[in-house]
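One structure is given here, and the rest of the page talks about it.
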Amino acid sequence: MSDSIDVTLGNIYAKMHKHFGPQNRWLAETPLEMMIGAILGQNSSWVNVDKALASLREAKLLEVEKILTTPLDRLADYLRPAGYYNIKAQRLRNLCQCINDLTGGNVEKFLAFDQVELREILVSVKGIGPETADSILLYAAGQPVFIVDSYTFRIFYRHQLLADSVTYYELQELFMDNLSHDVQTFHEYHALLVLVGKKFCRKSHPLCSKCPLQEYAGWVPSVEE
DNA sequence: CACCAGGCAAGTA
DNA sequence: TACTTGCATGGT
């Protein structure tokens, strides 16, 4: 077909990268801070997560031991700006308890577990689901896993690039089967999807004609053998 | 004012 | 298994 366009996940990435340029995403100062940020970021804006992280840092609570020993209601108080502060305080506790149990509180050792094993450990922690686990794997452990989030679903669904019934793992598999497993690329791809989602693919809005991915709407991404 | 933000677990049928 | 609901502050 002379008028067909080549729709691959690589081309979609290239299109976004050309439109927005490279992304310098926020990165926490330490791996533990990354993990905490991943939990605080659940269904919350990062502006507010940063405030919570800053107050934790100010109070010198960014340590496994401190999070385990600080009274839950006091810990929760620092988390207020991030929302869901009671639940998130407990979730931070659960993660730190897990790190303590497995490696005596040694974060480096904890993150050095084999990728598959670490993922199983993470999702077994109450309060850590698929996306939070993958965020920790990519950003804190430096493992090449693709993070699927609500923006990823919404952007691809709205452009009719996938059925609404696909699961987290099916979509993750699609990306990981068709992209090179490169940490930096996965960082960038995810960041660009978040950007496109915020700018051109918001909830309760129709397909946006200004979206750089608009020309791909209705095509089925070709898959490598 | 209404709506939304880089989810997750628990409850219901 | 497949929905629905609670959690909560702060920005647009």
Side-chain angles (χ1 to χ4, degrees), chain A residues 12-13 16 20 22-28 33-56 72-98 119-141 143-158 163-172 175-176 183-206 208 211 213:
Chain A
I12 289 170
Y13 173 80
M16 292 191 294
F20 290 109
Q23 298 305 301
N24 297 310
R25 288 200 63 231
W26 166 81
L27 291 176
E33 197 171 321
M34 294 287 331
M35 291 194 277
I36 292 172
I39 288 175
L40 297 185
Q42 292 168 352
N43 202 38
S44 300
S45 73
W46 282 89
V47 177
N48 295 330
V49 171
D50 269 339
K51 292 176 185 169
L53 271 178
S55 59
L56 284 177
L72 212 52
D73 57 345
R74 196 165 88 85
L75 181 60
D77 214 39
Y78 293 102
L79 307 183
R80 276 185 168 275
Y84 305 134
Y85 51 87
N86 289 310
I87 267 184
K88 284 174 178 175
Q90 183 62 60
R91 289 178 180 177
L92 293 187
R93 271 281 182 82
N94 296 344
L95 172 62
C96 288
Q97 188 62 57
C98 178
R119 194 177 200 291
E120 285 174 1
I121 292 167
L122 287 168
V123 295
S124 77
V125 174
K126 190 184 288 186
I128 295 183
E131 187 191 333
T132 306
D134 287 333
S135 298
I136 290 172
L137 283 168
L138 180 66
Y139 292 111
Q143 296 289 341
V145 297
F146 193 91
I147 302 169
V148 176
D149 61 15
S150 56
Y151 289 121
T152 316
F153 279 109
R154 192 159 74 232
I155 291 167
F156 276 69
Y157 176 67
R158 189 166 298 170
D164 60 357
S165 58
V166 297
T167 65
Y168 183 97
Y169 295 108
E170 287 169 343
L171 189 49
Q172 181 178 49
F175 280 94
M176 296 193 64
V183 171
Q184 191 56 34
T185 303
F186 286 167
H187 276 235
E188 291 285 300
Y189 209 137
H190 183 237
L192 286 164
L193 283 173
V194 170
L195 204 51
V196 167
K198 284 182 176 174
K199 206 162 172 57
F200 298 112
C201 209
R202 295 179 61 84
K203 267 187 187 173
S204 57
H205 281 278
C208 177
C211 180
L213 302 182

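Here the structure is a predicted model, which is why all the values come from computation and not from measurement. A note on names: the letters A, B, ... follow the listed sequences, proteins ahead of strands, and every chain is numbered from 1.
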Value in whole Å for how far the C1' atom of C:dG10 lies from CG of A:Leu40: 15 Å

For A:Thr152, which contact category applies under a 4.0 Å heavy-atom criterion: base, sugar-phosphate, or nothing? nothing

Using a 4.0 Å heavy-atom cut-off, does A:Tyr84 contact any base of the nucleic acid, only the sugar-phosphate backbone, or nothing at all? base

Does A:Ile39 reach a base, just sugar-phosphate, or nothing at all? Heavy atoms under 4.0 Å. nothing

Taking the minimum atom-to-atom distance to the side chain of A:Ser45, which one of B:dA5, C:dA8, B:dC8 wins? B:dA5

Check the pair A:Gln90 / A:Asn94 against side-chain hydrogen bond (donor to acceptor under 3.5 Å, both in side chains), numbers first and verdict last. CA-CA 6 Å; A:Gln90 183 62 60; A:Asn94 296 344; 2.9 Å; yes

Quick one: is A:Arg154 getting a side-chain N or O under 4.0 Å of the B:dA5 phosphate, OP1 or OP2? yes

Nearest-Å distance for atom pair CG/C1', residues A:Leu53 and C:dT9: 15 Å

Closest to the A:Asn86 side chain, choosing from C:dA8, B:dC4, C:dG10: C:dA8

C:dA8 P sits how many Å from A:Tyr78 OH, rounded? 18 Å

Relative to each other, are the rings of A:Phe175 and A:Phe146 parallel, tilted or perpendicular (30° and 60° limits)? parallel

Could you tell me if the ring centre of A:Tyr139 sits under 6.0 Å from that of A:His187? yes

Given C:dC7, is OP1 or OP2 found less than 4.0 Å from the side-chain N or O atoms of A:Tyr85? no

Atom pair distance, as rounded to whole Å: NZ in A:Lys126 and P in C:dG6: 19 Å

Contact summary for A:Ala82 and A:Ser44, nearest pair of heavy atoms: O-OG, 2.8 Å

Out of C:dA8, B:dC8, B:dC3, minimum distance to the side chain of A:Ile87 belongs to C:dA8

Euclidean distance, atom CD of residue A:Gln90 to atom P of B:dA10 [Å, nearest integer]: 11 Å

Let me know, please, whether A:Lys51 or A:Asn43 comes out on the 5' side of the other along DNA chain C by nearest nucleotide. A:Asn43

Between atom NZ in A:Lys198 and atom P in B:dC4, what is the gap in whole Å? 15 Å

Between C:dT5 and B:dC3, how far is it from one P atom to the other, in whole Å? 16 Å

Checking the side chain of A:Arg158 only, and the main-chain atoms of A:Cys208 only, is there a donor and an acceptor separated by less than 3.5 Å? no

Roughly how far apart, to the nearest Å, are B:dG11 and C:dA8 at atom P? 16 Å

Regarding A:Val125, tell me which of base, sugar-phosphate or nothing describes its non-hydrogen contacts under 4.0 Å with the strands shown. sugar-phosphate

What is the distance, to the nearest angstrom, from the CZ atom on A:Arg80 to the C1' atom on C:dT9? 9 Å

Note: for A:Thr132 and A:Asn48 on DNA chain B, the residue whose nearest nucleotide lies more 5' is A:Asn48

Side chain of A:Pro130 only, heavy atoms from C-beta on: which candidate in C:dA8, B:dA5, B:dC8 is closest? B:dC8

Integer-rounded Å distance: B:dC8 C1' and A:Tyr168 OH: 13 Å

N/O (side chain, A:Ser44) to phosphate O (OP1/OP2, C:dG10) under 4.0 Å: no

Do A:Arg91 and A:Gln42 meet the criterion of a side-chain donor-acceptor pair at a distance under 3.5 Å? yes

A:Arg91, nearest nucleotide to its side chain (from B:dC8, C:dC7, C:dG10): B:dC8

